[in-house]
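What follows is one structure encoded as C-alpha cells, with my remarks underneath.
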Amino acid sequence: MPTLNLFTNVPVDAVIASDILKDATKAVAKTIGKPESYVMVLLNGGVPIAFAGTEEAAAYGELISIGGLSPSVNGKLSSIIAEILQTKLSIDSSRFYIKFYDAQRPFVGFNGSTF
C-alpha cells in the first residue's frame with residue numbers, strides 16, 4: 001500500500017504527469033520491495049508553495065507504507081524522487097522535502113476493511 005503524495009507549484013501537463021506517475025510508481029515499488037500493483041502515486045501540480053521565502057519551483061512529498069521503510073531506503077527514495085522531479089519539472093533537489101511514514105496495518109484501510 002505504499003502511497004506517494006507529491007505537491008508542486010509547477011504546473012504539470014497530462015503527458016509529464018503520466019511520466020512522473022509511471023516513474024515514481026516503479027521507483028517506489030522497486031526500492032521498498034513491494035509489487036507495483038500495491039503502489040499509489042498522487043501528483044498535485046500548480047499548488048501555491050513558498051519555500052525559503054520564494055515561490056520558485058519547489059515540491060513537497062509524503063510517502064506512507066506498511067513496512068519497507070528504513071533510514072537507508074528513505075535516503076534512496078528521497079534521491080530517486082528528487083531526480084524524477086529535477087528531470088521532469090526542473091525542480092532543484094534543494095527545494096524538495098519528503099516525509100516518510102511507516103504505518104501500522106490497523107491504521108490503513110483498503111477494500112472496506114483494514115490491512
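For the pair Arg105 (side chain) and Ile66 (backbone), a donor-acceptor distance under 3.5 Å is absent. Using modelled atom types, no side-chain atom of Ser93 and backbone atom of Ala82 make a donor-acceptor pair closer than 3.5 Å. With hydrogens and angles disregarded, no donor-acceptor distance shorter than 3.5 Å links the side chain of Arg95 to the backbone of Ala59. In this structure, Asp23 contributes its side chain and Ile84 its backbone to no donor-acceptor pair below 3.5 Å.
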Yes or no on side-chain contact (heavy atoms from CB on, under 4.5 Å) for Val28 and Leu63, after CA distance, side-chain angles and deciding distance?
-> CA-CA 9 Å; Val28 169; Leu63 188 121; 3.7 Å; yes

Trace of the side chain to side chain donor-acceptor pair (under 3.5 Å) decision for Tyr97 with Lys99 = CA-CA 7 Å; Tyr97 283 149; Lys99 191 171 183 180; over 6 Å; no

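Sparse packing is recorded around NZ of Lys26, with 12 or fewer heavy atoms of other residues, nucleotides or ligands lying under 6.0 Å away. The number of heavy atoms from other shown groups lying within 6.0 Å of CD (Glu83) does not exceed 12.
Contact record, Pro35 with Ala29: C-CB, 4.1 Å, taken as the closest heavy-atom pair. Taking both residues in full, the closest heavy atoms of Ala103 and Ile64 are given as CB-CG2, 3.9 Å, listed atom of the first, atom of the second, then distance. Taking each heavy atom of Asn9 and Ala57 in turn, the nearest pair found is OD1-CA, 3.4 Å.
To the nearest 0.5 angstrom, Asp92 atom CG is 9.5 Å from Phe51 atom CZ. The distance from the CD atom of Gln86 to the OG atom of Ser94 is 9.0 Å, given to the nearest 0.5 Å. Taking OG1 of Thr25 as the start and CG of Leu4 as the end, the distance is 8.0 Å to the nearest 0.5 Å. One finds the CZ atom of Phe96 at 9.5 Å from the OG1 atom of Thr8 (value rounded to the nearest 0.5 Å).
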Only pairs under 3.5 Å count here: list side-chain donor-acceptor contacts from residues 69-81, not counting sequence neighbours, and write none if there are none.
from: Ser70; atom 1: OG; to: Ser72; atom 2: OG; distance (Å): 3.4
from: Ser70; atom 1: OG; to: Val73; atom 2: N; distance (Å): 3.2
from: Asn74; atom 1: ND2; to: Ser70; atom 2: O; distance (Å): 3.3

Name every donor-acceptor pair, under 3.5 Å, that has one atom in a side chain of residues 37-46 and the other anywhere in the protein, sequence neighbours excluded.
from: Asn44; atom 1: ND2; to: Asn5; atom 2: OD1; distance (Å): 2.9
from: Asn44; atom 1: ND2; to: Leu6; atom 2: O; distance (Å): 3.0

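Contact annotation: the side chain of Phe115 approaches that of Met1 to within less than 4.5 Å [non-hydrogen atoms, C-beta and beyond]. Residues Tyr101 and Glu62 meet the side-chain proximity criterion, which asks for heavy atoms closer than 4.5 Å.
A continuous path of Ile, Leu, Val, Met, Phe, Trp and Tyr side chains, each step under 4.5 Å between heavy atoms, connects Ile32 with Leu21, placing both in one hydrophobic cluster.
A donor-acceptor pair shorter than 3.5 Å cannot be found between the side chains of Asn111 and Ser113.
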